[in-house]
*Asks:* 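To start, I am sharing the structure in question, which I have written as structure tokens.
Just so we're on the same page: letters track the sequence lines, and every chain starts at 1.
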Protein chains: 2
Amino acid sequence: MTSPTSARPPGRPRAGVNAAVFAATLSTVQEVGYARATVERIAGAAGVAKSTVYRRWPTKGALIVDCLLDAFGPAPLAGGSRAELMTSTIRWVAAKVGEPGVGDAFAGVFSDAVSDPALREILSTRLQDPYRIALQEALDEPENRVLFFIDVVVGVLLHRMGMTGEPMVERDVDALIDMILPHFTEGPSRA
Amino acid sequence: MTSPTSARPPGRPRAGVNAAVFAATLSTVQEVGYARATVERIAGAAGVAKSTVYRRWPTKGALIVDCLLDAFGPAPLAGGSRAELMTSTIRWVAAKVGEPGVGDAFAGVFSDAVSDPALREILSTRLQDPYRIALQEALDEPENRVLFFIDVVVGVLLHRMGMTGEPMVERDVDALIDMILPHFTEGPSRA
DNA sequence: TCTTTTCGCTACCTTGAGTATCGATACCTG
DNA sequence: CAGGTATCGATACTCAAGGTAGCGAAAAGA
């Protein structure tokens with residue numbers, strides 16, 4: 001161990017501005033859209049210098065991913081039947097994506113990741129994997145099935161958000177649940 | 001009518017470079033990714049000046065949308081049962097998204113559209129609407145159901161493409177079909 | 001007081017979208 | 001053949017935004 005947890009590094013300690021930057025990121029993205037939510041603008045909204053942001057996050061993509069991690073928080077995988085678990089998970093993701101700025105930021109960073117393998121790695125490792133692993137254990141499904149589940153839920157919600165600019169309405173979230181559940185509970189090995 | 005169909009406008013006629021530009025767009029996107037597929041690079045690959053590209057397409061997004069329209073072509077809605085129709089449609093979209101460059105370009109322009117309402121309008125009107133209308137008639141489903149269908153199919157395929165960089169494998173396309181079909185054929189009004 | 005690190009600020013570099021201009025060229029019409 | 005018109009290639013340009021570098025100042029511990 002090169003640096004024990006209790007060892008406080010020397011020098012001026014970092015100010016607690018992460019929360020302010022996250023809040024500023026979401027509100028800025030919501031106000032002006034993802035593309036116009038420049039790092040300089042976000043920093044300004046957070047009352048922080050641009051260089052301070054780049055001292056903490058190496059790229060804009062990394063900032064957004066951390067912001068999304070903060071916004072989503074741990075998955076509420078409260079027990080119950082498999083159906084209840086999946087239902088609550090889908091509703092939770094839908095609700096989060098519908099929160100101001102979250103859906104835009106998610107869709108935006110996802111789009112950037114398409115042509116940026118490094119960002120794709122960050123997105124996959126830091127954001128998707130933790131939830132994927134938790135779901136794998138909670139649902140007792142193999143990895144490829146959980147990945148498919150995530151593709152469906154997130155893909156559909158982001159596509160709706162991207163095409164219309166609005167989060168998916170509750171009625172369609174119901175339809176989504178209604179479509180997914182039978183596939184994962186009735187015939188676990190149909191394909 | 002200000003300009004009848006038969007009236008050929010004066011001046012030097014346009015050279016037939018659209019096809020070359022479309023091909024160059026896909027190959028360039030495939031080679032270097034969406035973000036690095038600059039208009040200048042695409043024009044160069046097509047053996048055409050950048051100004052010529054901008055004379056035909058107002059923005060990069062409009063170029064990509066036209067390129068995708070050309071790549072997808074008309075939907076092969078050959079008759080049959082509803083189930084056969086939906087199955088073939090899903091396989092067709094999956095195959096197209098899997099073609100070199102198409103998936104990247106699609107995911108890329110989709111991402112750009114998230115924070116660009118004008119591009120979103122183009123994407124929705126020129127690319128989605130024609131297929132949506134054709135599907136509405138072929139499947140005899142209301143608009144919101146067809147939109148949901150498109151959200152599912154395209155959303156899932158693009159999410160997989162965006163997260164992994166690879167198109168969805170056939171086995172998962174089978175699972176997708178297996179999940180969607182019952183929802184649209186057995187219980188048309190469950191939600 | 002000295003060291004270390006962060007802070008805000010500003011200036012800068014680079015890339016890429018989109019615009020403007022210019023001479024050259026292709027086509028139609030008179 | 002001459003004139004008009006719109007395209008073509010080439011080049012130069014503006015502008016926005018990601019990211020970098022260097023500065024003096026401030027906040028801690030030693």
*Asks:* Can you find an N or O donor on one side and an acceptor on the other, under 3.5 Å apart, linking the side chain of A:R14 with the base of C:dT6?
*Replies:* no
*Asks:* Write down the distance between CG (B:L63) and C1' (C:dG16), rounded to a whole number of angstrom.
*Replies:*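 Whole-Å distance recorded here is 15 Å.
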*Asks:* Do B:F149 and B:M86 have side-chain heavy atoms sitting under 4.5 Å apart?
*Replies:* yes
*Asks:* Using a 4.0 Å cut-off on heavy atoms, which residues in residues 31-54 of chain A reach DNA chain D? List them by number, or say none.
*Replies:* A:T38, A:V39, A:K50, A:Y54
*Asks:* Assess whether a salt bridge exists between A:R171 and A:D174, defined as any Lys/Arg side-chain N lying under 4.0 Å from an Asp/Glu carboxylate O.
*Replies:* no
*Asks:* State whether B:R55 places a side-chain N or O below 4.0 Å from either non-bridging phosphate oxygen (OP1 or OP2) of D:dC8.
*Replies:* yes
*Asks:* Measure from the side chain of B:K60, starting at C-beta and using heavy atoms only, and say which of C:dA17, D:dG18, D:dC8 lies closest.
*Replies:* C:dA17
*Asks:* Is there side-chain contact between B:E31 and B:R36, with heavy atoms separated by less than 4.5 Å?
*Replies:* no
*Asks:* By nearest atom, which of the nucleotides D:dC8, D:dA6, D:dA27 is closest to the B:P10 side chain?
*Replies:* D:dA6
*Asks:* Are the side chains of B:L176 and A:F148 in touch, meaning some heavy atoms are under 4.5 Å apart?
*Replies:*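 Result yes, sub-4.5 Å side-chain heavy-atom pair found.
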*Asks:* Whether the side chain of A:R12 and the base of C:dT5 hold a donor-acceptor pair under 3.5 Å is what I'd like checked.
*Replies:* no
*Asks:* Reading DNA chain D from 5' onward, which residue's closest nucleotide shows up sooner: A:G11 or B:G11?
*Replies:* B:G11
*Asks:* Over how many whole Å does the gap from B:D116 atom CG to C:dA17 atom C1' extend?
*Replies:* 12 Å
*Asks:* Report yes if at least one side-chain N or O of A:R56 is closer than 4.0 Å to OP1 or OP2 of C:dC7; otherwise report no.
*Replies:*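 It does, given that an N or O in the side chain of A:R56 lies less than 4.0 Å from OP1 or OP2 of C:dC7.
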*Asks:* If you count heavy atoms of other groups shown closer than 6.0 angstrom to CZ of B:R56, is the number above 12?
*Replies:* yes
*Asks:* Do B:D66 and B:R126 sit within salt-bridge range, that is, some charged N less than 4.0 Å from a carboxylate O?
*Replies:* yes
